[in-house]
Amino acid sequence: MSTLDALAERLDIAQTSRTAVASLGDGLDIGDAYAVQSAVLARRTARGERLTGVKLGFTSKAKMAQMGVSEVILGRLTDAMRVDDGADVDLSQFIHPRIEPEIAFRLSRDVEPDDLTTDIESCVDGVAPALEIIDSRYRDFRFTHVDVVADNTSGAGYVIGTWHPVQDITNRAVRLLSGRTELVGSTSAILGAPVRALHALRGVCRNHRIPLRAGQIVLAGAVTAAVPFTRGVTTCDVAGLGVVTVRGV
Ligand code: OOG
Ligand code: MG
């Protein structure tokens, strides 16, 4: 087993056994980190999971400041992470889950990593409010840029609300309500406008040779900081797109 496969195994076991591990340490570059992430994904698909999309991270200043990482990162979503709007989620499957408000895009066409001509905005056929559940496999939710990429960018779950036709969603009010905690923000927190997340996605996919497929979902990155995901209802309300809900049990 290669070193990168061994690191993927460590992170995969951390997730399946709900036991946090230490930071991977020095010596890995960002290319290695995406290779570890792909190896983690391969282990999940070997267990029967299906790739359903990608997620971006650190597209807002609130998230960069909360976690101390300021480069846009990409992780993978699978069907095992999908939670229906309004559904209950068993919190015991996570280590130290957090939840954050997001915008989801849906892709209508494949985009190859080295395709320089297709306009990514023309490959989107829907937009929806979303919630992301994150659960770092690292102790105390502390990691470096390379660590978090290897750990599939803390991806653990996602909930998508009602799909809407493509529209300009710049500067829409966003409200996260989780128990007694309320955070408010604007979609403009996502790189100035959520549509810019699609262009950032394109760059990461090109650099790390990640193809996108028709039907896949893209999470644009959280608008506000994440909050602990605890028992009870959490909602994300995006002006004009509606509310998406999940309940921790
Ligand atoms: C990494 C994931 C970041 C986002 O929306 O910015 C992310 C983390 O915060 O653990 O998903
Ligand atoms: Mg996120």
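Order of listing sets the numbers, starting from 1, for every ligand and every atom in it. Given the structure is predicted, the values throughout are model-derived calculations rather than measurements. All residue numbers in this chain count up from 1 along the given sequence.
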### Task
Find all atoms of ligand 1 within a distance of less than 4.0 Å from any non-hydrogen atom belonging to E100, and give their numbers and elements.
4 (C), 5 (O), 7 (C), 11 (O)
### Query
Which of the atoms in ligand 1, numbered in the order shown and given with their element, are less than 4.0 Å from a heavy-atom of F141?
10 (O)
### Query
What do you reckon, is CG of D90 surrounded by more than 12 foreign heavy atoms closer than 6.0 Å?
yes
### Message
Regarding E121 and H199, do their side chains bring together a donor and an acceptor under 3.5 Å, going by distance alone?
### Response
yes
### Task
Using a strict 4.0 Å cut-off to heavy atoms of F143, name the atoms of ligand 1 that fall inside it.
8 (C), 10 (O)
### Query
Is S154 touching ligand 1 with its side chain, its backbone, both, or neither, if touching means heavy atoms under 4.0 Å apart?
side chain
### Query
What heavy-atom pair brings H145 and V148 nearest, and what distance separates the two atoms?
O-CG1, 3.2 Å
### Task
State the atoms of ligand 1, each with its element, that fall below the 4.0 Å cut-off from a heavy-atom position in I134.
8 (C), 9 (O), 10 (O)
### Task
Under 4.0 Å, heavy atoms only, figure out whether ligand 1 is touched by the backbone of L219, its side chain, both or neither.
neither
### Query
Does the cation-pi check pass for R82 over Y158, that is, NZ or CZ under 6.0 Å from the six-membered ring centre and within 45° of its axis?
no
### Summary
the protein heavy atom lying closest to atom 2 (C) of ligand 1 turns out to be T153 O, 3.2 Å
### Query
Any side-chain heavy atom of D151 within less than 4.5 Å of one from R10?
no
### Task
Would you kindly specify which portion of E102 sits under 4.0 Å from ligand 1, judged on non-hydrogen atoms: side chain, backbone, both or neither?
side chain
#### Entry: Sidechain-backbone polar pair: R137 side chain, A20 backbone, donor-acceptor under 3.5 Å
no
### Summary
Heavy-atom closest pair (A39 atom, A8 atom, distance to 0.1 Å) is CB-CB, 3.5 Å
#### Entry: Atom indices of ligand 1, in the order listed, that fall short of 4.0 Å to a heavy atom of M67
9 (O)
### Message
Quick check: do V246 and I99 have side-chain heavy atoms less than 4.5 Å from each other?
### Response
yes
### Summary
For R206 and D115 the tightest heavy-atom approach is NH2-O, 4.2 Å
### Query
Do any N/O atoms on A222 end up under 3.5 angstrom from N/O atoms on ligand 1?
yes
### Of the listed options Q66, E132, K63, closest to atom 3 (C) of ligand 1 (non-hydrogen atoms)
K63
### Summary
Note: ligand 1 atoms sitting under 4.0 Å from heavy atoms of V148 are 1 (C)
### Message
Would the distance check show the side chain of D85 and the main-chain N or O of T245 forming a donor-acceptor pair, the cut-off being under 3.5 Å?
### Response
yes
### Query
Is the backbone N or O of T234 less than 3.5 Å from a side-chain atom of S178, with the two atoms forming a donor-acceptor pair by type?
no
### Top protein contact for atom 6 (O) of ligand 1, by heavy-atom distance
F58 N, 2.8 Å
### Query
Which ligand 1 atoms are under 4.0 Å away from a heavy-atom of G57?
3 (C), 4 (C), 6 (O), 7 (C)
### Part of R98 with heavy atoms under 4.0 Å of ligand 1, whether side chain, backbone, both or neither
neither
### Query
Relative to the ring of H208, is the ring of Y34 parallel (under 30°), tilted (30 to 60°) or perpendicular (over 60°)?
parallel
### Message
Show the atoms of ligand 1 that are less than 4.0 angstrom away from any heavy atom in K55.
### Response
2 (C), 7 (C), 11 (O)
### Message
Given a threshold of 2.8 Å, state how many protein N/O/S atoms are nearer than that to the Mg ion (ligand 2).
### Response
3
### Query
Heavy atom of G221 under 4.0 Å from ligand 1?
yes
### Query
Taking atom types as modelled, is there a side-chain donor on N171 or S186 under 3.5 Å from an acceptor on the other?
yes
### Query
If we ignore angles and hydrogens, is there a donor and acceptor under 3.5 Å between the side chains of R76 and Q37?
yes
